[in-house]
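The structure displayed is predicted, hence computed values, not measured ones.
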Amino acid sequence: MHLDWPAIDAARAQPVARTAFHVDGARVGSVATAHLPALRRWPRWLVLDAHGLHLAVEAAARSAVLAEINARLRADGLIVAWRDETFPLVEPASGAVLATFERAATRFWGTLTRGAHANGWVAGADGRPAELWIARRAATKATAPGKLDNLVGGGVPHGQTPLEALLREGWEEAGLDPAQMAAARAGRVIRIDRDVPEGRMVELVHVFDLQLPRDLTPVNQDGEVAAIERLPVHAAAALAAGDAATAAAALATLDFLLRHRLLPTEPQATLAARMAPLWAG
């Protein structure tokens, strides 16, 4: 088992210069400094000072104003991978929802999102994890097409908890009904804060473990998964330790391996020390 695990370093990659983004006096994200000229067309709503960029809009109008701005940014090609999904604009320190807006816009503005991922596993004769179900994202996915993923994984939209999102995604991505998903057990929460092609990904990934019976075969329902394959734990670990999987999926897999102590002693200790700064809870 090699110790590279590029996803650990990728989770904190910050090569692009960014400017703090504030709402209601609180820092809620950041925008690429190179995009500031494009935002000057809204001086009534977006104010730039020495502390960063401020959304100067009353609470009741924020969502509508952001919708108008984001639609224009989308037309300009600055917001990509549009989803038509509503996500909350969250104040990170308190968790308060300050507005709602399009999911794809979260990465342009570098705002906090939440994700829910489940490691689907099958026990061996000793009752310990022996195999993991690994999904491959469809080539048509808006982000990370063709990359490997956990059995279930997705963003948490406005109005849902991570567990509620996981139950919904369980059916869409793997054909698992709520009764089958009831076996999901919460693991750790991993914080990712990295530059991505769409902007900046700041996400709390809630990791779950989902034990499945050996005779159950997950089947994708929504067309967003190209294939689902059951692999021995060591084979799944080798893929996650390279660059075949998304950063979130690779880290969720590593978290599973560490919590179940499925790695040899030296990699276990070394990788746990490297992962510790990413654990949010």
Side-chain angles (χ1 to χ4, degrees), residues 7 10-11 13 15-16 18 29-32 34-35 38 63 66-90 99-118 134-160 162 164-175 190 192-206 218-228 239-240 243-253:
V16 176
R18 298 185 68 86
S30 65
V31 298
H35 292 332
S63 296
L66 286 168
E68 181 175 334
I69 293 173
N70 289 336
R72 182 68 178 273
L73 294 172
R74 180 193 186 189
D76 292 344
L78 296 181
I79 292 180
V80 297
W82 197 269
R83 308 290 190 88
D84 287 319
E85 295 180 41
T86 302
F87 266 43
L89 173 58
V90 176
T100 60
F101 61 172
E102 157 63 28
R103 177 179 181 175
T106 63
R107 296 192 174 182
F108 176 88
W109 298 101
T111 56
L112 178 67
T113 59
R114 291 185 295 170
H117 283 239
I134 302 297
R136 182 174 296 279
R137 296 163 68 87
T140 54
K141 287 283 286 183
T143 58
K147 284 277 194 176
L148 297 181
D149 213 336
N150 304 117
L151 174 62
V152 179
V156 179
H158 178 59
Q160 288 190 351
E164 288 169 342
L166 190 78
L167 294 177
R168 172 179 51 78
E169 293 283 353
W171 172 256
E172 294 175 1
E173 298 196 346
I190 301 169
I192 296 176
D193 188 353
R194 64 182 294 237
D195 287 337
V196 292
E198 305 82 32
R200 187 155 195 84
M201 176 183 182
V202 183
E203 185 155 290
L204 295 177
V205 180
H206 294 252
V219 178
N220 177 249
Q221 304 295 312
D222 63 5
E224 295 190 0
V225 174
I228 304 175
L239 290 171
D243 59 3
T246 68
L251 294 173
T253 301

Could you tell me if the side chain of [Y] sits less than 4.5 Å from the side chain of [X], heavy atoms only?
X	Y	result
V90	T111	no
L73	H35	no
P88	H158	yes
W82	N70	yes

For R83 and T106, test the side chains for any donor-to-acceptor distance below 3.5 angstrom and give the result as yes or no.
no
With no hydrogens and no angle check, just 3.5 Å: does a side-chain donor-acceptor pair link R103 and T113?
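R103 vs T113: no donor-acceptor pair found between side chains.
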Atom pair [atom1]/[atom2] of [X] and [Y] - distance to nearest 0.5 Å:
X	Y	atom1	atom2	value
F87	Q160	CZ	CD	9.0 Å
N150	E173	CG	CD	9.5 Å
H117	I190	NE2	CD1	9.0 Å
R18	R200	CZ	CZ	6.0 Å
E169	Q221	CD	CD	12.5 Å
I79	F108	CD1	CZ	6.0 Å

Do any N or O atoms from the side chain of [X] and from the backbone of [Y] form a donor-acceptor pair under 3.5 angstrom?
X	Y	value
E203	V205	no
N220	E172	yes
T246	D149	no
R194	A10	yes
R136	G146	yes

Closest non-hydrogen atom pair between [X] and [Y], with its separation:
X	Y	answer
A104	A81	CB-O, 3.3 Å
R137	A144	NE-O, 3.0 Å
A174	I228	CA-CD1, 4.4 Å

For the pair K147 and D243, find out whether any cationic side-chain nitrogen is under 4.0 Å from an anionic carboxylate oxygen.
no
Report the C-alpha separation of F101 and T86 in whole Å, then their side-chain angles, then the decisive distance to 0.1 Å, and conclude whether the side-chain contact (heavy atoms from CB on, under 4.5 Å) test is met.
CA-CA 5 Å; F101 61 172; T86 302; over 6 Å; no
